[in-house]
Amino acid sequence: MKKNVILGIDVGATGIKGGLVDVTTGKMVTERFRFDTPSPATPEAMAATVKKLVDHIGYKGPVGVGFPAIVRRGIAASAANIDNSWVNTDITKVFGKATGLPFVALNDADAAGIATMAFGTGKQYANDGVVLMVTIGTGLGGALFVNGELMPNLEIGQVFLKNQKIVAEKFISNRVRKDTDMSWSEFGKRFSKFLKHVDSIFNPDLIVLGGGASKSFDEYKRFLKTNAEVKPAILQNTAGTVGAAVYAASKKPKVK
Ligand code: BGC
């Protein structure tokens, strides 16, 4: 296996996706393979799925994993859309034990943001400016970059919207859209309420949208009324996988 080719995994509430990434170019060198996230999404069940993915690719080497929770030094500190037993669990240990490979873990939106800043839509502000990445999937993920520096674990989906009396990701997300059969225009109007709110707090130069709903950006962009420019991530759904691999390359993990 070439040194610059690293396995990136994007753990989501519905799918565990991964593939080999050339970390110098940010390009996937295999397709992105996907396995359903087991339910309940316990550490043991998810570790078995991660092993299946690793075996399927036939990979040996360091692995980067983007995880849908607050992640500090490899340990999950929240569980909004996964099984509660993840809280205080060392993600790198659980996946490392199952596969025999060295893992690093970070928040999934942070991983998507890292790829966006290095190779994608955020590049122009990599040295000067503020970029807010918002991923729209089962939950809402956030990553904030100031002059290219990541402020990790920005839980933007947990922001309380006082007019709606609910946290942001329960008000609007790709899951809320699908569960309620929402039209794209209604999605756009709701999403704009959320986006205007966070725009007025963080005042970024650019807001980049990633995750499942970013693919349909053209359907709802006309409803987004923010001061900051809003763009879809050019890496779209692969950003999380690419960013996780790039992060692993920078950390050189060891087997725990
Ligand atoms: C979690 C975040 C995560 C986001 C996107 C939210 O429910 O709290 O940590 O980044 O979903 O998966």
Side-chain angles (χ1 to χ4, degrees), residues 8-18 32 34-41 43 46 49-50 64-92 104-117 122 131-145 150-161 164 166-179 187 190-191 194-195 197-198 202 207-215 232-233 235-244 247:
I9 299 182
D10 185 11
V11 171
T14 58
I16 296 182
K17 298 140 281 186
R32 210 174 58 126
R34 182 191 185 281
F35 290 90
D36 284 346
T37 301
S39 174
M46 275 162 102
T49 307
V50 165
V65 59
F67 198 81
I70 298 168
V71 181
R72 282 198 205 93
R73 287 165 282 282
I75 298 171
S78 68
N81 283 309
I82 46 170
D83 196 76
N84 258 329
S85 54
W86 272 107
V87 176
N88 294 328
T89 299
D90 190 328
I91 304 158
T92 59
V104 287
L106 74 167
N107 170 265
D108 56 354
D110 287 350
I114 286 172
T116 296
M117 294 304 290
V131 177
L132 175 66
M133 170 108 202
V134 178
T135 61
I136 319 163
T138 304
L140 288 182
L144 190 70
F145 292 84
L150 170 67
M151 194 209 88
N153 293 313
L154 181 75
E155 285 289 299
I156 213 146
Q158 312 309 323
V159 165
F160 186 74
L161 302 176
Q164 281 70 37
I166 197 169
V167 296
E169 70 180 15
K170 298 271 183 263
F171 176 61
I172 193 66
S173 69
N174 213 21
R175 171 180 275 172
V176 172
R177 180 186 70 79
K178 287 181 186 162
D179 284 356
F187 174 88
R190 279 199 185 205
F191 192 63
F194 155 72
L195 218 51
H197 185 64
V198 294
F202 296 107
I207 298 174
V208 183
L209 303 183
S214 64
K215 285 182 283 185
L235 299 172
Q236 288 186 345
N237 260 348
T238 63
T241 311
V242 171
Y247 185 72

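Just follow the structure's listing: the first ligand is 1, and inside any ligand the first atom is 1. Keep in mind the model is a prediction, meaning the values are calculated, not measured.
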ask   = Looking at ligand 1, does any of its N/O atoms fall within less than 3.5 Å of an N/O of D108?
value =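 Between D108 and ligand 1, an N or O pair is found under 3.5 Å apart.
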inquiry  = Does ligand 1 come near enough to Q158 that some N or O of the ligand is less than 3.5 Å from an N or O of the residue?
reply    =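 Yes, since at least one N or O of Q158 sits under 3.5 Å from an N or O of ligand 1.
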query = Donor-acceptor pair, N88 side chain versus I75 backbone, under 3.5 Å?
reply = no
inquiry  = Main chain of D10, side chain of D108: is a donor-acceptor contact present, judged purely on distance under 3.5 Å?
reply    = no
With heavy-atom distances below 4.0 Å as the criterion, list the atoms of ligand 1 near [X].
X: A69; result: 9 (O)
X: A80; result: 7 (O), 8 (O)
X: G141; result: 4 (C), 5 (C), 10 (O)

request  = Specify the closest pair of heavy atoms between S173 and F187, including all atoms of both residues, with the distance to one decimal.
outcome  = O-CE1, 3.9 Å
note = Heavy-atom closest pair (F145 atom, I114 atom, distance to 0.1 Å) is CZ-N, 3.5 Å
query = Can you find a non-hydrogen atom of L140 under 4.0 Å from ligand 1?
reply = yes
note = among protein heavy atoms, the one nearest atom 9 (O) of ligand 1 is E155 OE2, 2.6 Å
message = Suppose we measure from atom 6 (C) of ligand 1 to each protein heavy atom; which comes out shortest, and what is that distance?
response = E169 OE1, 3.2 Å
ask   = Can N81 and R175 be said to form a side chain to side chain contact (heavy atoms under 4.5 Å, CB included), step by step?
value = CA-CA 11 Å; N81 283 309; R175 171 180 275 172; 3.6 Å; yes
query = Taking atom CZ of F67 and atom CE of M46, what is their separation to the nearest 0.5 Å?
reply = 4.5 Å
